[in-house]
Number of protein chains: 2
Amino acid sequence: MGAQTEFILKTSSLSITSSRKKILEIFLSASTALAHQDIEKLAEQYDRVTIYRTLQTFLDRGIIHTIPTTDNTIKYALCSDDCITSGHHHDNHVHFLCDQCGRTLCLDDVSIPAITLPKGYSMKEINMVVNGICKTCME
Amino acid sequence: MGAQTEFILKTSSLSITSSRKKILEIFLSASTALAHQDIEKLAEQYDRVTIYRTLQTFLDRGIIHTIPTTDNTIKYALCSDDCITSGHHHDNHVHFLCDQCGRTLCLDDVSIPAITLPKGYSMKEINMVVNGICKTCME
DNA sequence: AAGTATTTTGCAACAAAGTTGCATTCTATA
DNA sequence: TATAGAATGCAACTTTGTTGCAAAATACTT
């Protein structure tokens with residue numbers, strides 16, 4: 001556990017601090033994407049500002065990525081392995097937001113289909129987010 | 001112009017007020033999706049609270065829809081005609097966010113491809129947002 | 001067309017979310 | 001282990017969003 005977080009930090013040439021390890025652990029043990037607020041609650045020993053700055057650092061290094069939502073919050077999730085090790089970010093799966101339990105899930109098995117943009121547009125990133133009821137809430 | 005905004009309000013059985021007309025006019029003459037902040041600047045004669053409430057009302061009636069972005073802001077855009085008149089909201093085109101000029105464009109001609117969710121998931125809404133450089137900025 | 005019920009607005013106060021500068025503490029490295 | 005550089009915590013601040021309530025505007029009835 002500690003080893004894994006330290007490895008990720010070293011790989012991204014970030015210095016190893018307890019707040020970074022803690023926040024990484026939170027992501028590693030989370031089954032869903034997390035909002036800033038979620039992380040604040042789970043890492044309450046650290047200052048709000050530290051969490052803002054740590055999340056920003058992780059985004060810059062491609063350790064985590066953001067998932068856009070329609071409710072004015074941003075959710076963060078760990079990038080998959082190939083996403084971390086490769087130079088730039090590419091996250092090719094669909095995200096699912098459950099309207100009932102509020103969780104944000106990475107549908108790793110559902111990849112984003114290709115689209116053709118009109119002439120003159122260049123694509124850098126693509127996001128596909130589905131709202132609905134998740135498997136757990138349907139049962 | 002005034003006639004069009006009043007028609008939209010009447011169709012949605014909303015009372016006709018100057019702030020609602022003004023905000024609708026802003027949307028009608030905008031070529032891109034707008035953030036709350038944009039509307040505040042363009043309708044500065046009205047209270048911030050009024051704008052929040054008006055946008056919420058328009059969302060509830062399906063006059064406008066939201067576009068999720070990765071930068072923690074929500075953008076609003078007019079729904080297309082068939083989107084207004086039909087009972088519930090269905091916005092089937094891809095949205096484009098230009099990283100250079102910051103504008104959010106509705107790519108009306110690019111429809112969202114169908115995807116298959118894993119067993120047990122039900123889909124209510126789907127959003128597809130592309131980041132990159134828009135046509136105007138590429139020239 | 002005037003009066004009235006209802007809705008909408010603006011204000012004030014507040015709560016939450018995010019940012020910045022700076023002094024202190026911690027980490028990496030020689 | 002000493003030190004340069006990076007990260008953290010704190011305080012103060014700005015921005016963003018919310019709520020209650022009185023005043024004003026709108027819609028409706030006669």
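First the proteins, then the strands, lettered A, B, ... as listed; each starts at 1. The figures that follow rest on heavy atoms only: side chains count, while hydrogens, waters and symmetry mates do not.
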- Task: Return yes if the base of dG17(D) and the side-chain atoms of Arg53(B) contain a donor-acceptor N/O pair under 3.5 Å, otherwise no.
- Result: no

- Item | Rounded distance in Å - CD1 (Ile23(A)) to P (dA7(D)) | 13 Å

- Could you tell me whether the side chain of Arg48(A) has a donor or acceptor atom within less than 3.5 Å of a complementary atom in the base of dG9(D)? no

- Item | Rounded distance in Å - NZ (Lys22(A)) to C1' (dA7(D)) | 19 Å

- Send over the distance from Tyr52(B) OH to dA17(C) C1', rounded to a whole Å. 11 Å

- Query: Can a donor-acceptor pair be found between the side chains of Thr11(A) and Arg61(A) at a distance below 3.5 Å?
  - Reply: no

- Within less than 4.0 Å of OP1 or OP2 of dA25(D), is there a side-chain N or O belonging to Thr17(B)? no

- Indicate yes or no: at least one non-hydrogen side-chain atom of Thr136(B) is less than 4.5 angstrom from one of Arg103(B). yes

- Thr57(B) or Val49(A), whichever maps to the more 5' nucleotide of DNA chain C: Thr57(B)

- d(Ile67(A) CD1, Cys106(A) SG) to nearest 0.5 Å is 4.5 Å

- Item | Gap between atoms NZ and P, on Lys10(B) and dT26(D) respectively (whole Å) | 13 Å

- Contact under 4.0 Å: Ser15(B) side-chain N or O vs dT8(C) OP1/OP2: yes

- Task: Report the distance from atom NE2 of His36(B) to atom C1' of dA17(C), rounded to the nearest whole Å.
- Result: 15 Å

- Note on the structure: From CG of Asp47(A) across to C1' of dT20(C) the rounded distance in Å is 13 Å

- Task: Look at Gln37(B) and dT15(D) and indicate whether a side-chain polar atom (N or O) is within less than 4.0 Å of OP1 or OP2.
- Result: no

- d(CG, Leu14(B); P, dA25(D)) in whole Å: 19 Å

- Query: Which atom pair, heavy atoms only, marks the closest approach of Pro118(B) to Leu107(A)?
  - Reply: CD-CD1, 4.1 Å

- CD (Gln45(A)) with more than 12 external heavy atoms under 6.0 Å: yes

- Message: From CD1 of Ile74(A) over to P of dG17(D), roughly how many Å is that when rounded to an integer?
- Response: 12 Å

